[in-house]
Participant: 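First, the structure itself, so that you have it in front of you.
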Amino acid sequence: MEIRNEEAPKKSLNFIEAMVEQDLKEGKNGGRIQTRFPPEPNGYLHIGHAKAICLDFGIARNYGGVCNLRFDDTNPVKEDVEYVDSIQEDIQWLGYQWKNVYYASDYFQQLWNLAVKLIKEGKAYVDEQSAETIAQQKGTPTIPGIESPFRNRPVEENLALFEKMNSGEVADGAMVLRAKIDMASSNMHFRDPIMYRVITKHPHHRTGEKWKAYPMYDYAHGQSDYFEGVTHSLCTLEFEVHRPLYDWFVSQFADSDYRPRQTEFNRLNLTYTVMSKRKMLQLVQEKLVKGWDDPRMPTICGLRRRGYTPEAIHNFIDKIGYTKYDGMNDIGLLEYSARETLNKTAQRVNAVINPVKLIITNYPEDKVEMMETENNPEDPNTGTRQIPFSRELYIEHEDFMEDAPKKYFRMTPGQEVRLKSAYIVKCTGCAKDADGNVTEVYCEYDSQTKSGMPESNRKVKGTLHWVSAAHALKAEVRLYDRLFSVENPSADDRDFRDLLNPDSLKVLTECYVEPSLASAKALEHFQFQRIGYFTVDPDTKEGKLIFNRTVSLKDSWAKEQKK
RNA sequence: UGUCUUAUGGUGUAAUGGUAGCACUACAGAUUCUGGAUCUGUCUGUCUAGGUUCGAAUCCUAGUAAGACAACCA
């Protein structure tokens, strides 16, 4: 173990890991490490959440700590149980298990009691002004705010009104509880932040009608961390300005030396996609995509259906790291991460997605040979399988050209190519319809060049994949591409819906795949040789195979052609 | 004309006062029964100006640029 540590190049730590190691070294919090992943159950998790999940759960896992799942459900207007289930499913799919599931709503009584304590200490008051008035009085970052006329009302009055806020006697929006801090603070969050508001029109998804006054994030979050014993409260950069308030609230109530500490890291920004909840919801509601799990969506369920594996996502997250720099990550790196991961694990299969018939004119009409082929050349342990070969095959339309340019190594009259795992064939011509479209391609095979035979070592520039026409299974193939046609749709002045990539989905219904795929199961991963990585769509039914393209293979021929 | 934060190749990230490295991308070559993968090489970088120091990407000061904050959202 020690030897290996010396030999392995020391992986550099990100600033949060470094902080955790330092805290551990100093024996802070008794050597305890506790994190939490705190989603609001108001939507589906996306790849940005995955970044946070990997950090929250990863820190706990790597440093002998625990990570809990806490639903931050302090606003019943937006939340729903529907999301609670999908969030749990996605976290587990990513390979993590929380120690406990908590809900901020479990702490409503404790939070209430602490709020009462604050009122009694003269540090909180009930404000009866309208939202607009309060906003106006808040001032601006450069102009100090003005104090509410209700700021100095007697404690007893505050207590009585606070009770009323929760009894149903107060209408939504009529009163709020505010912390009495500093209306002139340079930090806007200190200008008497709202701690409680009244919500009577939406029952809470867990507490029902019990509460009418609900705590706000800034008040509830830090306290929840404190109640649970969180040591490292990790969140994204936009909460940086909230940290002083987080600390202020905790310091009002802490009754021990222990303090949770908030640390912020950069959120994930990806090119060619949007991750705001509002925009994703719009895409779904306006049917610009087929649902939250549309394979073009950056949601975890979308990526899963697209064919991304948890390993591919971890691979990506490892590459982008955690810093305090708010940059833009290239979605190409996510795609590369998928290729790199799937290359090692995906079974190779033959699939022709744009078929044209190839007839081997000198091959016996009723002969069928079983050809042995590797399941994955990257992993010899996966062994081989047999695929049927016959006189009539399908090959890709792009693999034949009557008048081929230089460096075209595929099927063209007079040129030899290898049919993968089978024979070397020489193209002899083609047939065309009235419009000049190629309908059939002809070739002759060399019987001495079957894979494994000495003659087959002959150098041939091109190798083509194929399926036997009589044996192949028909399949639908959905080719997915980037959802948007511009790098950063969020920074564009135009409506983001006008920036959608019109070619983000192409459905091919006349595809042929090798017979072994008859038993393919939903979400199984394959490499269609020379084409890309594909997964079986869950819509697949008996007799109707559907494949989703996760990502294409790198195509250096396409690149060559562009020159 | 506020507070907080950030700034390293095209992109993302390392170097924790001591040789600016890694990955992606791009380009070139080797190899290959996937124009995939693999291997080799090349191009490209410390925001600016001062200061501290034997020595600064790193520390200090100022500037510049970018982001966050003025929801009864989280």
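Scope of the values below: all heavy atoms of this structure, side chains included, with no hydrogens, waters or symmetry mates. Every chain is numbered from 1, with letters handed out A, B, ... down the list of sequences.
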Participant: Remember a base hit wins even if backbone is also touched, and classify A:His221 as base, sugar-phosphate or nothing at under 4.0 Å, heavy atoms.
Facilitator: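 Answer is nothing: A:His221 stays at 4.0 Å or more from every strand.
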Participant: Counting just side-chain N and O atoms, does A:Thr74 come under 4.0 Å of either OP1 or OP2 of B:A74?
Facilitator: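 So the side-chain polar atoms of A:Thr74 do come within 4.0 Å of the phosphate oxygens OP1 or OP2 of B:A74, strictly under.
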Participant: To the nearest angstrom, how far is A:Glu396 atom CD from B:U34 atom C1'?
Facilitator: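 About 12 Å, once rounded to whole Å.
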Participant: Considering Watson-Crick and G-U wobble pairs with both distances under 3.5 Å, what does B:C39 pair with?
Facilitator: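 Pairing partner, where one exists within any strand: B:G29.
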Participant: Go nucleotide by nucleotide along RNA chain B from the 5' end; which of A:Met175 and A:Phe528 gets its closest nucleotide reached first?
Facilitator: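 The 5'-side residue here is A:Phe528.
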Participant: At under 4.0 Å between heavy atoms, what does A:Tyr408 touch on the DNA or RNA strands: base, sugar-phosphate, or nothing?
Facilitator: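 It contacts base atoms.
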Participant: Any N or O donor-acceptor pair under 3.5 Å from the base of B:U38 to the side chain of A:Glu378?
Facilitator: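 Checked by distance alone, the answer is no.
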Participant: In the structure shown, which nucleotide is the Watson-Crick or G-U wobble counterpart of B:G55, with both distances under 3.5 Å?
Facilitator: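 Checking every strand shown, B:G55 finds no partner, since no pair has both distances under 3.5 Å.
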Participant: Measure from CZ on A:Phe239 to C1' on B:U5 and round the result to the nearest Å.
Facilitator: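 Spelled out: CZ on A:Phe239 to C1' on B:U5 is 15 Å.
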Participant: Where the side chain of A:Asn75 is defined as all heavy atoms beyond and including C-beta, which of B:U5, B:C73, B:G36 is the nearest nucleotide?
Facilitator: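 Of B:U5, B:C73, B:G36, B:C73 is nearest to the side chain of A:Asn75.
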Participant: Can a cation-pi geometry be assigned to A:Arg197 and A:Tyr214, taking NZ or CZ under 6.0 Å from the six-membered ring centre and within 45° of the ring axis?
Facilitator: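 Pair A:Arg197/A:Tyr214 does not count as cation-pi.
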Participant: Is the shortest distance from a Lys or Arg side-chain nitrogen in A:Arg458 or A:Glu416 to a carboxylate oxygen in the other one below 4.0 Å?
Facilitator: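 Looking at A:Glu416 together with A:Arg458, the answer is yes, because their closest N to O distance falls below 4.0 Å.
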Participant: What's the gap between B:U46 and B:A57 when it is taken at their P atoms, as a whole Å value?
Facilitator: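 Between the two P atoms, the distance is 11 Å.
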Participant: Determine: side-chain N/O of A:Thr142 to OP1/OP2 of B:U1, distance under 4.0 Å, yes or no.
Facilitator: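 No, no such contact exists.
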Participant: More than 12 heavy atoms of other residues, nucleotides or ligands under 6.0 Å from NZ of A:Lys138: is that the case?
Facilitator: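 Yes - once you tally the heavy atoms of other residues, nucleotides and ligands closer than 6.0 Å, there are more than 12.
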Participant: Side-chain contact test, heavy atoms from C-beta onward, threshold under 4.5 Å: evaluate it for A:Gln527 versus A:Val349 and give yes or no.
Facilitator: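 A side-chain contact under 4.5 Å is absent here.
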Participant: Return the nucleotide paired to B:G9: Watson-Crick means purine N1 to pyrimidine N3 with N6-O4 or O6-N4, wobble means G-U with N1-O2 and O6-N3, both under 3.5 Å.
Facilitator: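 Matched B:G9 with nothing under the 3.5 Å cut-off.
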Participant: When the distance from CG of A:Leu333 to P of B:A23 is rounded to whole Å, what number comes out?
Facilitator: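 After rounding, the reported distance stands at 13 Å.
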Participant: Is there a Watson-Crick or G-U wobble partner for B:U61 with both distances under 3.5 Å, and which nucleotide is it?
Facilitator: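 Result: B:A49.
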Participant: Select base, sugar-phosphate, or nothing to describe what A:Tyr336 touches, counting heavy atoms under 4.0 Å on all strands.
Facilitator: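 Counting heavy atoms under 4.0 Å across all strands, the contact made by A:Tyr336 is with sugar-phosphate only.
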Participant: Before accepting this row, confirm whether a basic side-chain N of the pair A:Arg70/A:Asp225 lies closer than 4.0 Å to the acidic partner's carboxylate O.
Facilitator: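 A salt bridge links A:Arg70 with A:Asp225.
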Participant: Going by distance alone, is a donor N or O of one side chain under 3.5 Å from an acceptor N or O of the other, for A:Asp326 and A:Asn269?
Facilitator: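 There is such a pair (donor and acceptor under 3.5 Å, judged by atom type) between the side chains of A:Asp326 and A:Asn269.
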Participant: For B:U1, what is the paired nucleotide under Watson-Crick or G-U wobble rules, both distances under 3.5 Å?
Facilitator: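 For B:U1, the partner nucleotide comes out as none, under the 3.5 Å rule.
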Participant: Starting from P on B:U34, measure out to NE2 on A:His465 and report it in whole angstrom.
Facilitator: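 Computing the A:His465:NE2 to B:U34:P distance gives 13 Å.
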Participant: Can a donor-acceptor pair under 3.5 Å be found between the side-chain atoms of A:His242 and the base atoms of B:A74?
Facilitator: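 Present.
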Participant: Under 6.0 Å from the six-membered ring centre of A:Tyr125 and within 45° of its axis: does the NZ or CZ of A:Arg153 meet both?
Facilitator: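 No, A:Arg153 does not sit over the ring of A:Tyr125.
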Participant: Would you mind classifying the nucleic acid contact of A:Gln129 as base, sugar-phosphate or nothing, using non-hydrogen atoms under 4.0 angstrom?
Facilitator: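 Contact class for A:Gln129: base.
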Participant: Once you apply a heavy-atom cut-off of 4.0 Å, does A:Gly173 come out as touching a base, just sugar-phosphate, or nothing?
Facilitator: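 The answer is base, as A:Gly173 lies within the cut-off (heavy atoms under 4.0 Å) of a base atom.
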Participant: Looking at B:G35 and A:Phe409: do their rings stack (centroid distance under 5.5 Å, interplanar angle under 30°)?
Facilitator: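 So yes, this residue stacks on that base, both cut-offs being met.
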Participant: Whole-Å distance between B:U32 C1' and A:Asn457 CG?
Facilitator: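 Between C1' of B:U32 and CG of A:Asn457: 13 Å.
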Participant: For A:Asn488 and B:G12, what is the distance between atoms CG and C1' respectively, to the nearest whole Å?
Facilitator: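 It works out to 15 Å between those atoms.
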Participant: How do A:Asp127 and A:Asn343 order along RNA chain B: which one's closest nucleotide is nearer the 5' end?
Facilitator: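 Checking each residue's closest nucleotide, the 5'-ward one belongs to A:Asn343.
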Participant: Tell me what A:Asn42 touches on the nucleic acid: a base, only sugar-phosphate, or nothing, going by heavy atoms under 4.0 Å.
Facilitator: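 The residue A:Asn42 makes no contact with any strand.
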Participant: Whether A:Arg385 and A:Glu372 form a salt bridge (side-chain N of Lys/Arg under 4.0 Å from carboxylate O of Asp/Glu) is what I want to check.
Facilitator: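 Not counted as a salt bridge, because no side-chain N and carboxylate O are separated by less than 4.0 Å.
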Participant: Select base, sugar-phosphate, or nothing to describe what A:Gly452 touches, counting heavy atoms under 4.0 Å on all strands.
Facilitator: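 Result for A:Gly452 = base.
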Participant: Report which part of the nucleic acid A:Thr140 touches: base, sugar-phosphate, or nothing (heavy-atom distance under 4.0 Å, all strands).
Facilitator: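 The answer is base, as A:Thr140 lies within the cut-off (heavy atoms under 4.0 Å) of a base atom.
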Participant: Could you tell me whether A:Tyr217 contacts a base, only the sugar-phosphate backbone, or nothing, with contacts defined as non-hydrogen atoms closer than 4.0 Å?
Facilitator: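 Since a base atom lies under 4.0 Å of A:Tyr217, the category is base.
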Participant: At 4.0 Å (heavy atoms only), tell me whether A:Tyr196 reaches a base, stays on the sugar-phosphate, or touches nothing.
Facilitator: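 If one applies the 4.0 Å heavy-atom cut-off, A:Tyr196 turns out to touch nothing in the nucleic acid.
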Participant: Go ahead and name the base partner of B:C72; Watson-Crick or wobble counts if both distances stay under 3.5 Å, otherwise write none.
Facilitator: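 With both distances under 3.5 Å required, B:C72 matches none.
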Participant: Can you find a donor-acceptor pair, distance only, under 3.5 Å between A:Arg339 side chain and B:G36 base?
Facilitator: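 Not at all, since no donor on one side and acceptor on the other fall under 3.5 Å apart.
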Participant: For a quick check of understanding: with a heavy-atom distance under 4.0 Å over all strands, which category does A:Lys461 fall into, base, sugar-phosphate or nothing?
Facilitator: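 If one applies the 4.0 Å heavy-atom cut-off, A:Lys461 turns out to touch nothing in the nucleic acid.
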Participant: Nearest whole angstrom, please: distance from the P of B:U34 to the CD1 of A:Ile531.
Facilitator: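 It is 15 Å, rounded to the nearest whole Å.
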Participant: Considering every strand and a 4.0 Å limit on heavy-atom distances, what is the contact class for A:Gln529: base, sugar-phosphate, or nothing?
Facilitator: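 Base contact.
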Participant: So what does A:Pro377 touch, heavy atoms closer than 4.0 Å: a base, only the sugar-phosphate, or nothing?
Facilitator: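 Base, at least one base heavy atom under 4.0 Å.
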Participant: Which nucleotide, in any strand shown, forms a Watson-Crick or G-U wobble pair with B:U34, with both distances under 3.5 Å?
Facilitator: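 Here B:U34 is not engaged in any pair, so there is no nucleotide opposite it.
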Participant: How long is the line joining CG of A:Asp218 and P of B:C69, in whole Å?
Facilitator: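 That distance rounds to 12 Å.
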Participant: Just call it for A:Lys420: base, sugar-phosphate, or nothing, with non-hydrogen atoms closer than 4.0 Å on any strand.
Facilitator: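 Base contact - A:Lys420 has a heavy atom under 4.0 Å of at least one base atom.
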